[in-house]
Engineer: 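Take a look at the following structure, please.
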2 protein chains.
Amino acid sequence: MENLRSLFQVMTRRFGLLNKNCCSVGGCDISLIQSHILYEIDNQHNPSMQQIADSLGTDITTFSRQVQSLMKMNLVKKTPDPADKRISILSLTAEGKYIAGSIDQQMNAFLQEVFSQMNEFEKETVIRSIHLLNNAMSKSSACCKPFQG
Amino acid sequence: MENLRSLFQVMTRRFGLLNKNCCSVGGCDISLIQSHILYEIDNQHNPSMQQIADSLGTDITTFSRQVQSLMKMNLVKKTPDPADKRISILSLTAEGKYIAGSIDQQMNAFLQEVFSQMNEFEKETVIRSIHLLNNAMSKSSACCKPFQG
DNA sequence: TAATTTTACTTGCAAAATACAAGTATTTAC
DNA sequence: GTAAATACTTGTATTTTGCAAGTAAAATTA
């Protein structure tokens, strides 16, 4: 079989570059990691610090400081979990939601452009394929966990 | 249409995490960026510093220092371009090739595992889809270039 | 219920990554 | 033949990173 990794490497690098260039919203400069954090907070249900840090594969100490920055920028809010006082629930402020939405729009506009090069059938095939992939990855033991050792 | 960005974000995050955890080869610890550099040098034809830096979207000054590290680790070699003395051609040493190959193997093993969850038809569809995507992305103006502004 | 362990997070530090400014050397353009 | 552009390196300052070590709260155990 052909080199699968190459295929994925090329694809994810391109998407990553896009992501990297996509994070300036109305004078407010957002770093790539910050944009990822906003995205995850926006897309998980009442997430804790630990949950988001795990999703992103960043150390919790690094993450803790990143959240501090985002709070200073007034994009993210921390609320103590009433049921467990150790836990901080993360959410976006109104401004944070606006920024996250704006990035989302830019990314989607780009992806629309990419997909506009395909016909209807190809589009559907590709989208279904990514669903398949995401599903398979989520079932895989190796995915998203450090290799032991 | 559904949120395309979400689909891609999930997929590329998972692949990225894998990449991140995939870089330890026989006691030799390779960072994610370093692994990307090795990959690009291995997969481009007689690449210059600038070419690889551009491919990865890193500043040339940062990249210059990263190459210095990799040369100290004896994984990468610089050769002056005979036709243009300003240019340095990058290549992998034998050890660099071994490391790059080893990472490639680990990544492919993981991807095999992921694909093992699909039937033959699904596999082919997914692989063809990624080809389609990479093609479309390479044609897109927005891809891999900074947004103006 | 008291002592121990685990979990969720924060801060101290030191190392690494980053990028802008300014440099050198070579090549291209006029 | 001078000016401009290109390919890279180094100085410096900032940011990001993560381990170690801390606090505080919850879960487990005795």
Side-chain angles (χ1 to χ4, degrees), chain A residues 13 16-17 19-21 23-24 28-38 40-41 44-73 75-91 145-147 149, chain B residues 16-17 19-21 23-24 28-38 40-41 44-73 75-91 146:
Chain A
R13 159 130 47 260
L17 282 176
N19 229 325
K20 203 172 182 174
N21 296 323
C23 304
S24 185
C28 181
D29 255 6
I30 304 284
S31 77
L32 180 57
I33 332 109
Q34 288 175 335
S35 133
H36 275 69
I37 295 174
L38 296 182
E40 285 300 325
I41 294 177
Q44 292 189 26
H45 177 66
N46 289 342
S48 70
M49 303 263 299
Q50 194 70 62
Q51 269 166 37
I52 304 283
D54 285 348
S55 302
L56 297 173
T58 27
D59 191 89
I60 183 73
T61 68
T62 303
F63 184 74
S64 173
R65 280 182 256 254
Q66 280 164 343
V67 168
Q68 281 167 27
S69 307
L70 288 167
M71 289 202 306
K72 265 186 208 148
M73 296 164 80
L75 302 179
V76 163
K77 210 169 39 184
K78 256 196 283 193
T79 316
D81 186 332
D84 185 338
K85 288 172 195 166
R86 294 169 304 177
I87 296 176
S88 291
I89 302 295
L90 294 172
S91 58
K145 284 177 206 155
F147 284 79
Chain B
L17 282 176
N19 230 324
K20 203 171 184 177
N21 296 323
C23 303
S24 185
C28 181
D29 256 6
I30 304 284
S31 78
L32 180 58
I33 331 110
Q34 288 175 334
S35 134
H36 275 68
I37 294 173
L38 295 183
E40 286 301 325
I41 294 177
Q44 291 189 27
H45 178 67
N46 289 343
S48 71
M49 301 264 300
Q50 195 69 61
Q51 270 167 38
I52 304 284
D54 285 346
S55 302
L56 297 173
T58 27
D59 190 89
I60 184 71
T61 68
T62 304
F63 184 73
S64 174
R65 280 182 254 255
Q66 279 164 344
V67 168
Q68 281 167 26
S69 306
L70 288 167
M71 290 202 306
K72 266 187 208 148
M73 297 164 80
L75 303 179
V76 163
K77 210 170 38 186
K78 258 195 283 194
T79 316
D81 185 333
D84 185 337
K85 288 173 194 165
R86 292 170 304 176
I87 295 176
S88 291
I89 302 295
L90 294 172
S91 57

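Convention: sequence-line order gives letters A, B, ...; per-chain numbering from 1. Since we're looking at a predicted model, the values are computed, not measured.
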Engineer: Closest to the K78(B) side chain: dT17(D), dA25(C), dC8(D)?
Structural biologist: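 For K78(B), the side-chain atoms sit closest to dC8(D).
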
Engineer: Hey, which sits more toward the 5' end of DNA chain C by its nearest nucleotide, D59(B) or D84(A)?
Structural biologist: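 By nearest-heavy-atom nucleotide position, the 5'-most residue is D84(A).
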
Engineer: Between the base of dC20(C) and the side chain of T61(B), is there any donor-acceptor pair under 3.5 Å?
Structural biologist: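 Counting by modelled atom types and ignoring angles, a donor-acceptor contact under 3.5 Å is found here.
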
Engineer: Whole Å only: how far is the CD1 atom of I30(B) from the P atom of dA17(C)?
Structural biologist: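 It works out to 11 Å between those atoms.
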
Engineer: For I30(A) and L75(A), what are the C-alpha separation, side-chain angles and deciding distance, and is it a side-chain contact (heavy atoms from CB on, under 4.5 Å)?
Structural biologist: CA-CA 10 Å; I30(A) 304 284; L75(A) 302 179; 3.7 Å; yes

Engineer: Give a yes-or-no answer on whether the side chains of Q34(B) and S69(B) include a donor-acceptor pair shorter than 3.5 Å.
Structural biologist: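 Per modelled atom types, Q34(B) and S69(B) side chains form no pair under 3.5 Å.
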
Engineer: Starting at atom CZ of R65(B), determine the distance to atom C1' of dA13(D), rounded to an integer number of angstrom.
Structural biologist: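 Atom CZ in R65(B) sits about 11 Å away from atom C1' in dA13(D).
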
Engineer: Does OP1 or OP2 of dA19(C) have a side-chain N or O of T62(B) closer than 4.0 Å?
Structural biologist: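 Indeed, a polar side-chain atom of T62(B) lies that close.
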
Engineer: Measure CG/D54(A) against P/dG18(D) and give the value in whole Å, please.
Structural biologist: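 Result: 13 Å.
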
Engineer: Side-chain N or O of Q51(A) less than 4.0 angstrom from OP1 or OP2 on dA8(C)?
Structural biologist: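 Answer no for this pair, as no side-chain N or O of Q51(A) is under 4.0 Å from OP1 or OP2.
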
Engineer: Can you measure Q50(A) atom CD to dT10(C) atom C1' for me and round it to whole angstrom units?
Structural biologist: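 Those two atoms, CD and C1', are 12 Å apart.
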
Engineer: Q68(B) has an atom CD; how far is it from atom P of dA7(D), in whole Å?
Structural biologist: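 Distance check: Q68(B) CD to dA7(D) P gives 19 Å.
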
Engineer: R86(B) CZ to dT6(D) C1': how many Å, rounded?
Structural biologist: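 To the nearest whole Å, that distance equals 4 Å.
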
Engineer: Checking the side chain of S64(B) only, and the main-chain atoms of I60(B) only, is there a donor and an acceptor separated by less than 3.5 Å?
Structural biologist: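 Judged by distance alone, no pair lies under 3.5 Å.
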
Engineer: So if I take every side-chain heavy atom of M49(A) and compare against dT17(D), dC8(D), dC9(C), which nucleotide ends up nearest?
Structural biologist: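 So the side chain of M49(A) is nearest to dC9(C).
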
Engineer: Regarding S88(B), tell me which of base, sugar-phosphate or nothing describes its non-hydrogen contacts under 4.0 Å with the strands shown.
Structural biologist: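 The residue S88(B) makes sugar-phosphate contact but no base contact.
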
Engineer: Can you check the Q34(A) CD to dT17(D) C1' distance for me, whole Å?
Structural biologist: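 Atom-to-atom, Q34(A) to dT17(D), this comes out as 14 Å.
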
Engineer: Which of the following nucleotides, dG18(D), dA25(D), dT10(D), is nearest to the side chain of K85(A)?
Structural biologist: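 Side chain of K85(A) sits closest to dA25(D).
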
Engineer: Nearest of dT11(C), dT9(D), dA8(C) to any side-chain atom of I87(A)?
Structural biologist: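 That would be dA8(C).
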
Engineer: Quickly work out the L32(B) CG to dG18(D) P distance and round it to whole Å.
Structural biologist: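 After rounding, the reported distance stands at 11 Å.
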
Engineer: So, OP1 or OP2 of dA16(C): does either fall under 4.0 Å of a side-chain N or O from Q66(B)?
Structural biologist: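 Checking Q66(B) against dA16(C): no side-chain N or O falls below 4.0 Å of OP1 or OP2.
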
